[in-house]
Amino acid sequence: MPELPDVEVFRRYLENTALDQPIEKLEVLAEDVVEGVSVEHLRSRAEGRRFRSTDRHGKYLFAELDNRDWLVFHFGMTGYLAYFKEETDKPGHTRALFHFAGGYRLAFVLQRKLGMITLTEDTESFVKGQGLGVDALDKSFGLDDFKRLLRGAKSGIKSALTNQSHIAGIGNIYADEILFQARVNPKALVGRLTDQDLERVFQAMKEVLETAIECQADPTRMPEHYLLPQREEGGTCPRCQSEIKRTRVSGRGGYFCPRCQPG
DNA sequence: ACATTGACCTGAGAGC
DNA sequence: TGCTCTCAGGTCAATG
């Protein structure tokens with residue numbers, strides 16, 4: 001689930017639910033999801049504080065505490081947040097649980113433990129330390145920057161789009177969607193794409209990510225001309241009705257329309 | 001610099 | 001029902 005649009009939806013969710021409430025207790029149910037700092041340290045920094053603001057870079061979510069520390073969340077392949085009050089509403093695979101004064105809780109949920117929580121004093125240096133590239137939806141990230149970034153890349157376009165040190169936020173699902181909308185084959189070598197191709201990919205990148213956020217990253221709400229709801233064996237291209245094909249790029253399964261996105 | 005593979009984790013679904 | 005296999009929106013390290 002958690003690519004840029006999903007994480008942005010989580011950010012807004014946290015912003016709309018958990019801000020400004022005293023954190024009475026931070027319960028860590030799976031200690032191995034805390035990275036970089038000890039569980040004790042994390043708890044001592046968070047307990048008694050409140051979430052003051054949020055931020056996001058690529059697939060990382062930041063939540064600022066009122067002591068200027070930032071909690072960092074990464075959701076791996078299966079993570080999400082859940083805000084609730086009754087213990088019976090606690091999701092399975094809750095790995096960390098913020099208990100607020102007043103009885104509400106915020107759960108950090110991971111089925112597979114591929115995500116993590118950590119702490120940083122400075123989000124910019126955290127981003128730099130992770131080697132992340134520019135956020136895909138950064139307002140100052142324009143077409144010229146995009147072309148400059150990809151110029152010289154020897155890889156296929158899908159690999160380039162999902163490389164977080166180039167552009168942060170795009171994963172397997174949305175790379176497929178972007179390339180479908182841009183009518184570019186996922187394996188096409190970046191160096192062989194025309195300026196027009198790259199422009200279409202750039203426009204599609206912005207448009208798809210923004211649209212996905214508006215749709216709450218929910219495939220069932222996406223526009224009809226989107227590939228996402230058809231991402232399965234035997235799916236139908238919403239544009240030309242051809243059969244959607246499965247491919248493999250860098251070990252990950254992907255979907256594309258062989259007719260709209262010829263190789 | 002790039003692709004490929006396997007590892008890290010856990011669960012769902014298919015096929016036998 | 002139970003077993004095995006494959007796959008799943010993440011990244012990272014080792015290898016060619």
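Lettering of chains follows the sequences in order, A, B, ..., and the numbering in each one begins at 1. In this text, all values refer to a predicted model and were calculated from it rather than measured experimentally. In what follows, every heavy atom counts, from backbone to side chain, and hydrogens, waters and symmetry copies are set aside.
Atoms NZ (A:Lys187) and P (B:dT4) sit 8 Å apart, rounded to a whole Å. Distance A:Arg246 CZ to C:dT6 P: 13 Å, rounded to the nearest Å. To the nearest angstrom, P of C:dG10 lies 11 Å from CD1 of A:Ile170. In this structure, A:Leu161 atom CG and B:dC2 atom P are separated by 13 Å, rounded to whole Å. Taking atom CE of residue A:Met77 and atom P of nucleotide C:dC7, one finds them 12 Å apart after rounding to whole Å. C:dT11 atom P lies 13 Å from atom CD1 of A:Ile173, rounded to whole Å. Rounded to an integer number of Å, the gap from CG of A:Leu110 to C1' of C:dG9 is 14 Å. In this structure, A:Lys158 places its NZ atom 17 Å from C1' of B:dC2, rounding to the nearest Å.
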Taking only distance into account, with no hydrogens and no angle test, what donor-acceptor pairs under 3.5 Å do side-chain atoms of residues 178-186 of chain A form with protein atoms, sequence neighbours excluded?
residue, atom, partner, partner atom, Å
A:Gln181, NE2, A:Glu177, OE2, 2.9
A:Gln181, NE2, A:His225, O, 3.0
A:Asn185, OD1, A:Lys187, N, 2.9
A:Asn185, ND2, A:Gln261, O, 2.9

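Contact detail for A:Asn172 and A:Glu3: the closest heavy-atom pair is N-OE2, 3.4 Å. Closest heavy-atom contact between A:Ala160 and A:Leu150: CB-CD2, 4.0 Å.
Atom-to-atom distance recorded for A:Asp69:CG and A:Glu121:CD is 6.0 Å, nearest 0.5 angstrom.
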Find every protein N or O atom lying less than 3.5 Å from an N or O atom of nucleotides 6-12 of chain B, and list the pairs.
residue, atom, partner, partner atom, Å
B:dT10, O2, A:Gln111, OE1, 3.3
B:dG11, OP1, A:His93, NE2, 3.1
B:dG11, O4', A:Gln111, OE1, 3.3

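Under a 4.0 Å N-O distance rule, the pair A:Asp66/A:Arg49 qualifies as a salt bridge. A:Arg43 and A:Glu40 are joined by a salt bridge, as a carboxylate oxygen and a charged side-chain nitrogen come within less than 4.0 angstrom of each other. With respect to A:Lys158 and A:Asp176, a salt bridge is recorded, a charged nitrogen being found less than 4.0 Å from a carboxylate O.
Each of A:Ala153 and A:Gly251 was assigned the nucleotide of DNA chain B with the nearest heavy atom; the assignment lying further toward the 5' end belongs to A:Ala153. The 5' end of DNA chain C is approached more closely, in terms of each residue's nearest nucleotide, by A:Arg248 than by the other of A:Arg248 and A:Gly171.
Proximity of A:Lys59 to the phosphate of C:dG10: a side-chain N or O atom is located under 4.0 Å from OP1 or OP2. The phosphate of B:dA1 (OP1 or OP2) has no side-chain N or O of A:Ser155 nearer than 4.0 angstrom.
Rounded to whole Å, the separation between the P atoms of C:dC3 and B:dC9 comes to 24 Å. C:dT6 sits 15 Å from B:dG6 when the C1' atoms are compared, rounded to a whole Å. The separation of C:dG9 from B:dC2, taken at their C1' atoms, amounts to 23 Å, rounded to a whole angstrom.
A:Gly156 comes within contact range of the sugar-phosphate backbone alone, with a heavy-atom separation under 4.0 Å but no base atom that close. Within the 4.0 angstrom heavy-atom criterion, only backbone atoms of the sugar-phosphate kind lie near A:Gln130; the bases stay farther away. If you check every strand for non-hydrogen atoms under 4.0 Å, A:Arg231 touches sugar and phosphate atoms only.
Tracing side-chain contacts under 4.5 Å through hydrophobic residues (I, L, V, M, F, W, Y), one reaches A:Leu137 starting from A:Val201; they form part of the same cluster. Linking Ile, Leu, Val, Met, Phe, Trp and Tyr residues whenever their side-chain heavy atoms come within less than 4.5 Å leaves A:Phe75 and A:Leu29 in two separate clusters.
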Reading DNA chain B 5' to 3', what string of ( ), [ ], | and . shows its pairs, if Watson-Crick and G-U wobble pairs count only when both distances fall under 3.5 Å? .|||||||.|||||||
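Here the nucleotide nearest the side chain of A:Lys154, chosen from C:dG9, B:dA3, B:dC2, is B:dC2.
Between A:Thr118 and A:Glu35, the side chains place no donor N or O within less than 3.5 Å of an acceptor N or O (distance only, hydrogens not considered).
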